[in-house]
Amino acid sequence: MRKYYLGHLTDVVMVDWDSLAAERLGGADFDGDMIKTISDPIVNLCVKRNYEFESLRNSDNIPLLKIPTAEPVIRDADDWKARFETVRSTFSSRIGQISNAALNRSIIAYNENSSTQQREKCRTETETLAILTGLEIDSAKSGVKPDLSEYLGTQTVVKSRFLKYKSLLEKSEGRRAWYEPTFEEQFEKFFADTDWNNVDSNVERLPYLAYMLGKNTIPIREKPAADSELFSFAADENWRDKLDINKMERLKNLISDYERCLSRIRACGQPIVEKRRKNDIQRILYGRGQESEFDADFLYTLFQGIPPERIAEIRQYLQNCCWHLTPREQRDELLEKWLPELEEYYELFRDFRFGGYRVLIDLIADIDDENTLTDRKRLIREGDSAEFQQLMEAYLKKSVNIYYREAVAVECRKLIEQIIKADEAVKYLVAMGRRKALFDLLLDKIEKYVRRDK
């Protein structure tokens with residue numbers, strides 16, 4: 001039974017039915033609640049050390065917080081005001097405000113430099129706010145809102161600098177009015193207005209430490225070795241003057257086309273933004289009971305590496321062959337012809353239950369629409385050179401098991417050898433400073449020129 005129900009899971013933690021593990025996990029219970037476990041050894045070591053410290057201080061150990069149950073309010077379904085109050089109570093959650101209030105107090109409660117009286121007071125209030133958090137969550141079901149007037153709207157403790165910093169970060173992601181200071185100026189003012197030497201809370205100092213780390217970390221600068229240190233032919237100071245100018249120009253244009261080709265392939269392989277039919281796919285998966293087995297966003301990524309031209313062909317073929325009327329025994333044949341790289345998902349695409357034929361159509365249609373509307377999705381465009389088109393064609397015609405860089409590099413090598421011998425081409429690529437392309441295209445020809453005395 002364990003294998004039947006839990007065999008598909010990678011990690012399983014078994015908990016005794018009479019243990020307090022669920023309560024220790026923030027008030028979770030056993031009716032299907034989702035929790036997150038942290039396996040980072042540093043975090044766990046800190047928690048364990050604090051737990052042992054509390055055990056020494058208090059004989060009762062860390063207190064177990066019980067969330068009291070409130071008697072639910074019964075509303076008259078025929079009373080429109082009562083219905084309105086119920087809906088408003090359901091969606092007017094103050095969890096974020098309670099969490100911020102708890103954080104402000106917990107910083108003092110667990111700061112060794114705070115006075116004993118302050119720590120005990122703030123620790124009690126933090127525990128109370130944890131209980132109020134549970135009551136606020138339960139109020140969506142019970143209709144009874146806890147009284148938070150003592151903690152919200154009154155400044156009994158100093159607002160956390162960490163929360164101020166978090167608020168600044170959130171504002172920086174949005175737009176600002178023209179008359180407001182820039183976000184850089186607001187950040188500088190935030191750090192300048194605080195005497196960080198007197199801030200003894202580790203949590204409070206985190207923004208400052210991150211700020212100073214970024215300010216004082218010197219970016220790594222590449223220091224490539226000189227050509228004369230690596231290649232024997234570069235020992236002659238005049239070796240560049242002996243190269244053919246015409247061949248140099250042709251090779252320079254070809255390498256530029258090679259790099260642009262790889263860049264465009266990567267750009268066109270980015271996930272699509274507009275997923276207009278995503279809800280339809282999720283509805284079908286839910287109807288078939290596969291919403292936890294397949295993720296709609298992930299299904300879109302399966303088609304990222306397929307060229308736009310091929311996506312358009314698949315869409316046209318699905319329309320012409322009436323995919324929604326295709327008999328089950330013929331569906332695999334069609335999928336093998338057009339999507340050989342997605343064999344492990346054939347069972348999903350050929351399952352037509354609950355309108356399942358639409359899954360493949362929706363995915364292809366969304367991707368093709370964005371390919372058509374977005375110029376960056378077109379691999380071959382007007383104005384591309386003949387060599388660029390030849391390189392891109394090599395990518396489009398490559399077999400499934402060949403990496404895109406390898407397919408383009410092989411074709412580029414052929415074009416190089418039409419201009420000059422591969423052995424001689426090494427010197428030209430070194431002279432152009434294109435070492436990355438050199439290792440991609442002429443790796444087997446480099447060894448004969450490598451200096452042995454270094």
Side-chain angles (χ1 to χ4, degrees), residues 184 209-270 304-305 376 379-381 383-399 401-454:
E184 290 75 14
L209 295 175
Y211 171 75
M212 294 303 294
L213 182 65
K215 199 170 184 177
N216 293 287
T217 300
I218 301 174
I220 299 176
R221 300 180 183 275
E222 293 185 357
K223 295 181 180 179
D227 295 335
S228 57
E229 296 180 35
L230 301 178
F231 304 102
S232 56
F233 58 77
D236 180 4
E237 294 182 358
N238 301 318
W239 69 276
R240 287 184 174 83
D241 299 333
K242 300 175 183 179
L243 301 178
D244 187 293
I245 297 177
N246 293 328
K247 291 179 179 178
M248 172 71 80
E249 192 64 28
R250 292 177 63 187
L251 283 173
K252 187 178 294 184
N253 293 335
L254 177 58
I255 299 304
S256 295
D257 283 339
Y258 166 75
E259 292 173 345
R260 285 196 306 111
C261 180
L262 295 179
S263 177
R264 188 177 296 179
I265 291 171
R266 288 192 294 269
C268 291
Q270 295 301 309
Q304 283 181 209
R376 71 178 180 85
L379 290 171
I380 299 178
R381 306 169 190 171
D384 290 335
S385 66
E387 288 80 7
F388 183 95
Q389 294 183 31
Q390 189 172 337
L391 294 173
M392 193 61 78
E393 288 290 344
Y395 163 70
L396 294 173
K397 295 177 181 177
K398 74 178 184 67
S399 59
N401 58 344
I402 295 181
Y403 189 46
Y404 80 96
R405 293 184 67 94
E406 182 182 352
V408 178
V410 169
E411 190 65 25
C412 188
R413 173 72 173 261
K414 294 178 183 177
L415 293 174
I416 288 175
E417 292 177 346
Q418 292 176 12
I419 299 173
I420 192 174
K421 292 181 179 179
D423 289 347
E424 289 297 314
V426 173
K427 299 179 182 179
Y428 286 82
L429 264 67
V430 171
M432 288 187 285
R434 303 292 185 86
R435 289 187 185 174
K436 184 174 177 58
L438 174 67
F439 283 94
D440 284 348
L441 304 170
L442 302 168
L443 182 61
D444 58 320
K445 303 298 181 181
I446 296 176
E447 186 177 0
K448 63 181 292 186
Y449 294 113
V450 175
R451 292 191 62 170
R452 308 291 182 182
D453 56 341
K454 289 287 184 181

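One-based numbering along the sequence shown. Values below: all heavy atoms of this structure, side chains included; hydrogens, waters and symmetry mates excluded.
- R266 is listed as a side-chain neighbour of Y404, based on a closest heavy-atom distance under 4.5 Å.
- A 4.5 Å side-chain heavy-atom check between Q418 and E387 finds every atom pair outside the cut-off.
- Closest approach of D384 and R381 over heavy atoms only: OD2-N, 2.7 Å.
- Between V408 and I265 there is a side-chain heavy-atom pair separated by less than 4.5 Å.
- Between V426 and L442, the closest heavy-atom pair is N-CD1, 3.9 Å.
- Closest approach of R451 to S232, counting heavy atoms only: CG-N, 3.4 Å.
- A donor-acceptor pair under 3.5 Å is formed between the side chain of Y449 and the backbone N or O of D423.
- Here Q390 pairs with E411, L415 under the side chain to side chain contact (heavy atoms under 4.5 Å, CB included) rule; sequence neighbours left out.
- Judged as a side chain to side chain contact (heavy atoms under 4.5 Å, CB included), and not counting sequence neighbours, the contacts of A431 are W239, R240, L243, M248.
- With R405 contributing its side chain and L262 its backbone, the two residues share no donor-acceptor pair below 3.5 Å.
- Here the straight-line distance linking atom CD1 of I402 with atom NZ of K397 works out to 14.0 Å at 0.5 Å rounding.
- Under the rule for a side chain to side chain contact (heavy atoms under 4.5 Å, CB included), the partners of Y211 that lie at least two apart in sequence or sit in another chain are E188, F191, K215.
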Next item on the list: Could you give me the CA-CA distance, side-chain angles and deciding distance for V430 and L230, then say whether side-chain contact (heavy atoms from CB on, under 4.5 Å) is met?
Entry: CA-CA 10 Å; V430 171; L230 301 178; over 6 Å; no
Next item on the list: List the steps, then state whether side-chain contact (heavy atoms from CB on, under 4.5 Å) holds for E249 with N253.
Entry: CA-CA 6 Å; E249 192 64 28; N253 293 335; 4.0 Å; yes
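- Salt bridge annotation for E259-R434: present, with a cationic side-chain nitrogen under 4.0 angstrom from a carboxylate oxygen.
- Taken to the nearest 0.5 Å, the CG atom of L438 stands 9.0 Å off from the CD1 atom of I255.
- Residues A225 and R435 share a closest heavy-atom pair of O-NH2, 2.6 Å.
- Counting all heavy atoms, side chain and backbone alike, D236 lies closest to K242 at OD2-NZ, 2.8 Å.
- Although no hydrogens or angles enter the test, the distance criterion places no donor-acceptor pair under 3.5 Å between the side chain of N238 and the main chain of D241.
- Atom NZ of K398 sits in a crowded spot, with more than 12 heavy atoms from other residues, nucleotides or ligands closer than 6.0 Å.
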Next item on the list: Run the numbers on F233 and D227 for side-chain contact (heavy atoms from CB on, under 4.5 Å), then give the verdict.
Entry: CA-CA 9 Å; F233 58 77; D227 295 335; over 6 Å; no
Notebook entry, point to check: Under the side-chain contact (heavy atoms from CB on, under 4.5 Å) criterion, do D257 and C261 qualify, and how do the steps go?
Noted result: CA-CA 6 Å; D257 283 339; C261 180; over 6 Å; no
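- The CZ atom of F439 lies 11.0 Å from the CG atom of L429; values are rounded to the nearest 0.5 Å.
- E424 has its side chain out of reach of K247: every pair of non-hydrogen atoms, C-beta onward, lies at least 4.5 Å apart.
- Under the 4.5 Å side-chain criterion, counting only non-hydrogen atoms from C-beta, E393 is in contact with I380.
- To the nearest 0.5 Å, atoms CE (M212) and OG1 (T217) are separated by 10.0 Å.
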